[in-house]
Amino acid sequence: MKASVVFINGEVITVDKNDSVKQAIAISGNKIMAVGSTSEIEHLIDSNTKIIALDGKTLMPGIIDAHLHLVLYGVFQLNFSCKDPAIQSIEDVLSSLAERAKTTPKGQWIRAWGYNETLIKEQRYPTLQELDSISKDHPVVITRTCGHIGLVNSFALKLAQIDEHTPNPQGGIIEKDSLGRLTGRLIEGSYMRFNEVARYTPEELEQAMQIAQQHFFEKGITSVHEAGTFDQESYRLMQLASNRGDLKIRIYAVIGAINDCKEFTTNMMKSGVVTGTGNDFFKVGPAKLFTDGSSTGPTIATREGYTSDPNNNGILYYSEEELYEVLGEAHKLGYQVTVHAQGDKGIEMYLNVIERALKESPRDDHRHRIEHCGVTPPDLQERIKQLQMIPIPNPPFPYEFGEIYIHNYGERTDYMYPARDFIDQGIICAAGSDAPVTTVNPFIGLHTAVNREVETGTPFGQQQKTSLLEAIRLYTYNAAYASFDEQIKGSLEVGKLADLIVLDRSILSTKSSNIKDIGIELTMIDGEIVYEQSLSVI
């Protein structure tokens, strides 16, 4: 049998158990046929073989982003971005949205995302009156960069049936001023539930998924762990798009939703669909709940008060018993389970739940996860190791948000997203971007894992630096392991799926300060080239 495609004369990072680096790779159909030197695979070439010369550039396994939001990322691309460098003030936001309102039919949503009050000239949120000035004829919603806080106008509040007398939902705050008047700010659980009102149409969701997929291909991402959609409708549409082949990216879909995570997860469990159901392109993942809030909000649940506000310990969505009620049952029924847990208090509570679940229903190779695993000091690291948990830290977070973290958490940043400690303790951890919260670009994540610096150059928890090959493993093999897929992807070995990417240079020869600038020349999934720039075809 001859190869359908071969790549020769390159730097092939295999991410095998020895971190071998080879020259060439041969593909037959959708599988890897051979990996070795160029001379070792030449005998697999015939007149029908496509030969691609790498000219010393890196070829490596496709990036597996172990925590992002495909659907949310896509819909946000349909909306106004407050991350646009031209947006410097609240007035810039208001005037831009007011312009949108002029061409948007009355009653339809005006949406923006990526708002970060720490980067705005006024260093604050817009008031309800300012939001109302955008339009009296449209509901307006601005999503903060963390995705956990929303700013809405009076029209939107009315649609959501929220007034001064509406009680705070569990795990959420409907903010009011000192006189008891609504401010238009919805925090955590109150904003999550608000999304049930601010729904997207099926057509918008379909368009959004296509946009997201294309962006991911361009960044070398071949598989994603979808960390939570809006609701059952977006979950259903994502499955159908995958089944049709409209979504070619591989999806490991967490059983969780941002609108009402507990209800969604409980209903999915009642249906009898378990972790692992599906195929190589779409597979059901772990059952998920939230424990606490946003690292930049800041609303994460911490054991000690924030450095910036010692009286603030953040927000817990559920009690430990409420978490166990759902996740303990999920474990017993055979699910992989996970939670969003950013603060040490939230992480500790979740570990208590898992420890209890494993005592009551012992199970080998459960691979229970912790999404984010933000503030994780040594005592919690030890428990994670003993319970054989898989943390999913977010390497790119400090790059964009490091200054906020230093301000709010002080010395605790030494143990934020502590990949180095996890690796040294033999804990298998995988990396996720949490896009659209921050950039989906995995090379920003690799850059920050290796350098542990804020975008401004400020050092951030330098003791947690990883080597480049260690960082690459977080985004490839370890991410495959976190979805029980390490036998079929995550490394370039014979018999595994042909999911691979070609970079625009040799990554091993690139200065650590320039990793963030690396681009993609080719993305292949299942043996099919889904994205391609200029490469030398012989």
Side-chain angles (χ1 to χ4, degrees), residues 1-16 18 20-64 210 213-224 241-251 279-283 472 476-477 480 485-508 518-538:
M1 182 185 295
K2 301 299 183 179
S4 49
V5 184
V6 298
F7 297 85
I8 60 174
N9 299 326
E11 177 180 86
V12 179
I13 298 176
T14 67
V15 200
D16 65 11
N18 299 315
S20 304
V21 180
K22 304 293 186 179
Q23 271 189 319
I25 187 168
I27 308 300
S28 176
N30 70 338
K31 298 286 181 64
I32 297 170
M33 190 179 189
V35 186
S37 66
T38 296
S39 61
E40 286 173 334
I41 69 162
E42 283 180 339
H43 71 283
L44 299 174
I45 297 172
D46 67 10
S47 59
N48 296 317
T49 304
K50 183 176 184 178
I51 305 170
I52 299 176
L54 295 171
D55 299 324
K57 296 171 184 174
T58 294
L59 184 150
M60 58 181 277
I63 296 293
I64 303 172
Q210 290 302 313
Q213 172 175 250
Q214 188 58 38
H215 285 197
F216 298 168
F217 290 165
E218 292 168 6
K219 297 301 181 185
I221 299 168
T222 56
S223 293
V224 299
S242 181
N243 291 343
R244 291 193 305 268
D246 292 341
L247 283 179
K248 296 178 182 296
I249 200 159
R250 300 189 196 276
I251 300 169
N279 54 42
D280 292 344
F281 283 94
F282 189 96
K283 191 166 70 167
I472 288 172
T476 53
Y477 182 88
D485 286 322
E486 75 279 8
Q487 297 302 318
I488 62 170
K489 63 183 180 182
S491 61
L492 300 179
E493 299 179 83
V494 174
K496 287 195 171 184
L497 294 167
D499 293 1
L500 56 85
I501 57 177
V502 177
L503 313 188
D504 63 4
R505 68 195 75 179
S506 159
I507 192 171
L508 297 181
I518 290 173
I520 299 296
E521 293 206 343
L522 179 145
T523 301
M524 173 181 282
I525 299 178
D526 212 47
E528 177 188 352
I529 296 172
V530 295
Y531 173 76
E532 187 173 11
Q533 293 280 64
S534 57
L535 276 170
S536 178
V537 179
I538 299 174

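Small disclaimer: the values here were computed from a predicted structure and weren't measured.
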Intermediate values then yes/no, side-chain contact (heavy atoms from CB on, under 4.5 Å), Ile518 and Arg505 | CA-CA 7 Å; Ile518 290 173; Arg505 68 195 75 179; 3.7 Å; yes
Please report the shortest heavy-atom distance between [X] and [Y], naming the atom on each side.
X	Y	answer
Ile249	Gln213	N-OE1, 3.1 Å
Ala34	Leu44	CB-CD1, 3.6 Å
Ile507	Thr58	N-OG1, 2.8 Å
Val35	Ile32	CG2-CG2, 3.7 Å
Gly62	Ile501	CA-CG2, 4.0 Å
Asp499	Ser223	OD2-OG, 4.4 Å

Quick check against the 3.5 Å criterion: does [X] have a side-chain atom that pairs as donor or acceptor with the backbone of [Y]?
X	Y	value
Asn18	Ser20	no
Lys2	His43	yes
Glu493	Asp16	no
Thr523	Phe217	yes
Arg250	Asp280	yes

Identify, with sequence neighbours excluded, every residue that meets ring-ring contact (aromatic ring centres under 6.0 Å, His included) alongside Phe216.
-> Tyr73
I would like to know whether Lys496 and Ser491 meet side chain to side chain donor-acceptor pair (under 3.5 Å); could you show each step before the answer?
-> CA-CA 8 Å; Lys496 287 195 171 184; Ser491 61; 2.6 Å; yes
Should Lys219 and Ile63 be marked as a side-chain contact (heavy atoms from CB on, under 4.5 Å) after you check the CA-CA gap, both sets of side-chain angles, and the distance that decides it?
-> CA-CA 9 Å; Lys219 297 301 181 185; Ile63 296 293; over 6 Å; no
Identify the residue among Leu522, Ile8, Val6 that makes a side-chain contact (heavy atoms from CB on, under 4.5 Å) with Ile52.
->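 So, applying the side-chain contact (heavy atoms from CB on, under 4.5 Å) to Ile52 and each of Leu522, Ile8, Val6, only Leu522 qualifies.
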Passing candidate, side-chain contact (heavy atoms from CB on, under 4.5 Å) with Ile525, options Thr222, Leu500, Ile221 = Thr222
Are the side chains of [X] and [Y] in touch, meaning some heavy atoms are under 4.5 Å apart?
X	Y	value
Val12	Phe7	no
Glu11	Leu54	no
Leu497	Asp485	no
Ile529	Val5	no
Gln210	Leu247	yes

Looking at CG of Asn243 and CZ of Phe281, how far apart are the two atoms once the value is rounded to the nearest 0.5 Å?
-> 11.0 Å
From Ser37 atom OG to Asn9 atom CG, the distance as rounded to the nearest 0.5 Å | 10.0 Å
Lys57 and Leu503: side-chain contact (heavy atoms from CB on, under 4.5 Å), yes or no, with the steps?
-> CA-CA 6 Å; Lys57 296 171 184 174; Leu503 313 188; 5.8 Å; no
What do the steps show when you test Lys22 against Glu40 for side-chain contact (heavy atoms from CB on, under 4.5 Å), and what is the final call?
-> CA-CA 11 Å; Lys22 304 293 186 179; Glu40 286 173 334; 5.9 Å; no
Please list, one pair per line, the donor and acceptor atoms closer than 3.5 Å that link side chains of residues 23-30 to other protein atoms, with sequence neighbours excluded.
residue: Gln23; atom: OE1; partner: Thr38; partner atom: N; Å: 3.1
residue: Asn30; atom: ND2; partner: Asp526; partner atom: OD1; Å: 3.1

